Amino acid sequence: MQKALLIFIKNPALGKVKTRLAKTVGAQNALKIYQFLLDHTMEITFNLDSIDKFLFYNEFIPTKDEWPPNMYQKDIQKGDGLGEKMKQAFQKVFNENYKKVVLIMPDCPKMSDTLIDKAFKSLDDHDIVLGPTNDGGYYLIGMKELTPEIFENKAYSTDKVLDQTVEHIDKLKKTWFKLPVLVDIDMEEDLGKLQKMIKK
């Protein structure tokens, strides 16, 4: 296998996921929506047979969960802060001689297997690929060689992170490809059709 897909997830636990969303819909509803997003992520990645899949949990590797261990290699996110964690995950798989590496986060209900395929294909002609979110972040980042600088000194969890990342890529004179903007479920107004999952 030449391609690796990294999936960054949080261990689904009450009060620990989608905390901004939970402020208006409650922790139970926020957990339910996060679980839906995890299930959706597994559904769209399960049959990507030409790609090795790595699942990175934020706290611990469960002894048993719905992600089949024969389909997903499991690890824990390492480092302080999201940028460092992503950098270390990319470093790990590039050290295993993968040629194209894409990382996704399970926050967008419109994420699809087609988009993931497009991300990998874009790396034929570009150094880096980004999938922007509506709130100024990104749901996907991919590259064909480790470029650690683009994870450093970024204002993660703000609306500046995408612009700062693009600015750094341009400064390094790397080429990049932009995927469609998707809605990142962070606030109640982002829910759209998922609003029906809310139990008042």
Side-chain angles (χ1 to χ4, degrees), residues 1-19 30-31 33-109 111-113 115-117 119-120 123 127-131 133 137-154 156-157 161 165 179 182 184-186:
M1 292 276 188
Q2 297 284 298
K3 298 183 282 188
L5 178 67
L6 317 183
I7 307 169
F8 261 39
I9 70 169
K10 291 185 176 180
N11 294 82
L14 191 66
K16 292 195 171 182
V17 296
K18 294 292 168 197
T19 49
L31 177 59
I33 287 161
Y34 190 67
Q35 189 60 58
F36 168 85
L37 292 167
L38 289 182
D39 293 345
H40 173 69
T41 302
M42 184 165 71
E43 187 181 322
I44 63 171
T45 59
F46 191 83
N47 292 318
L48 296 173
D49 296 330
S50 64
I51 299 168
D52 282 346
K53 298 178 281 275
F54 295 80
L55 193 64
F56 286 85
Y57 297 84
N58 71 322
E59 289 187 351
F60 62 92
I61 301 173
T63 51
K64 189 176 181 184
D65 64 9
E66 65 267 31
W67 301 83
N70 61 323
M71 304 285 288
Y72 297 88
Q73 299 180 51
K74 301 182 181 185
D75 207 337
I76 295 174
Q77 300 166 26
K78 298 179 179 73
D80 294 324
L82 181 59
E84 182 64 25
K85 288 174 179 178
M86 290 194 289
K87 182 170 76 172
Q88 290 205 27
F90 271 92
Q91 179 79 68
K92 170 188 164 67
V93 293
F94 275 121
N95 285 347
E96 294 176 20
N97 295 316
Y98 286 93
K99 305 302 180 194
K100 292 180 180 179
V101 182
V102 167
L103 182 149
I104 62 170
M105 300 180 202
D107 297 309
C108 303
M111 170 81 86
S112 66
D113 51 353
L115 270 180
I116 295 169
D117 277 335
F120 278 106
L123 291 173
D127 299 312
I128 293 162
V129 56
L130 289 167
T133 55
Y138 53 79
Y139 60 88
L140 178 151
I141 183 167
M143 56 191 73
K144 53 192 177 188
E145 65 177 8
L146 183 64
T147 312
E149 304 97 315
I150 66 170
F151 297 114
E152 296 165 0
N153 304 312
K154 304 293 181 294
Y156 289 102
S157 299
V161 64
T165 303
L179 292 168
L182 296 185
D184 178 347
I185 304 291
D186 253 344

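Each residue takes its place number in the sequence, starting with 1. Source: prediction; values computed, not measured.
Side chains of Y72 and D65: no donor on one and acceptor on the other come within 3.5 Å.
Taking CD1 of I33 as the start and NE2 of H40 as the end, the distance is 14.0 Å to the nearest 0.5 Å. One distance of note links OG1 of T19 with CG of L31; it measures 12.5 Å at 0.5 Å rounding. Going from atom CG of D39 over to atom CD of E66 covers 5.5 Å, rounded to the nearest 0.5 Å. The line from CD1 of I76 to OH of Y57 is 10.0 Å long, rounded to the nearest 0.5 Å. How far OH of Y98 is from CD of Q2: 9.5 Å, rounded to the nearest 0.5 Å. Atoms NZ and CG, from K87 and L82 in turn, are 12.5 Å apart once rounded to the nearest 0.5 Å.
Annotation: side chain of K144 is in contact with side chain of D127 (closest heavy-atom distance under 4.5 Å). Counting heavy atoms from C-beta outward, D52 and V93 have side chains that stay 4.5 Å or more apart. In this structure the side chain of F54 reaches within 4.5 angstrom of the side chain of Q73, judged on heavy atoms. Inter-residue side-chain proximity for K53 and M42 is flagged as unmet; no heavy-atom pair is nearer than 4.5 Å. Side-chain contact check for L48 versus K3: every heavy-atom pair is 4.5 Å or farther apart. Within the 4.5 Å cutoff, side-chain heavy atoms of F94 are placed close to those of V101. A 4.5 Å side-chain heavy-atom check between M111 and T41 finds every atom pair outside the cut-off.
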Run the numbers on M105 and T133 for side chain to side chain contact (heavy atoms under 4.5 Å, CB included), then give the verdict.
CA-CA 11 Å; M105 300 180 202; T133 55; over 6 Å; no

Take Y139 and D184 through the side chain to side chain contact (heavy atoms under 4.5 Å, CB included) test and state the conclusion after the steps.
CA-CA 8 Å; Y139 60 88; D184 178 347; over 6 Å; no

Name the atoms and distances for all side-chain donor-acceptor pairs under 3.5 Å in residues 7-18, with sequence neighbours left out.
unit_1, atom_1, unit_2, atom_2, d
N11, OD1, E59, N, 2.9
N11, OD1, F60, N, 3.3
N11, ND2, F60, O, 2.8
K18, NZ, D107, OD1, 2.7
K18, NZ, I185, O, 2.6

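Between L38 and P106, the shortest heavy-atom distance links the atoms CD2-CG, 3.8 Å. Closest non-hydrogen pair, A119 versus V129, comes out as O-CG1, 3.8 Å.
Checked by atom type and distance alone, the side chain of K74 pairs as donor or acceptor with a backbone atom of W67 at under 3.5 Å.
Counting non-hydrogen atoms of other residues, nucleotides and ligands closer than 6.0 Å to CG of N153 gives a total of 12 or fewer.
Each of L140, I141, L115 was evaluated against I104; a single residue qualifies, L140, per the side-chain contact (heavy atoms from CB on, under 4.5 Å) test. Residue Q88 forms a side chain to side chain donor-acceptor pair (under 3.5 Å) with just one option from K85, Q91, E84, and that option is E84. Residue Y138 is tested with V161, L182, L179 for a side-chain contact (heavy atoms from CB on, under 4.5 Å); the sole match is V161.
Residues meeting the ring pair (Phe, Tyr, Trp, His ring centres under 6.0 Å) test with F90, sequence neighbours left out: F151.
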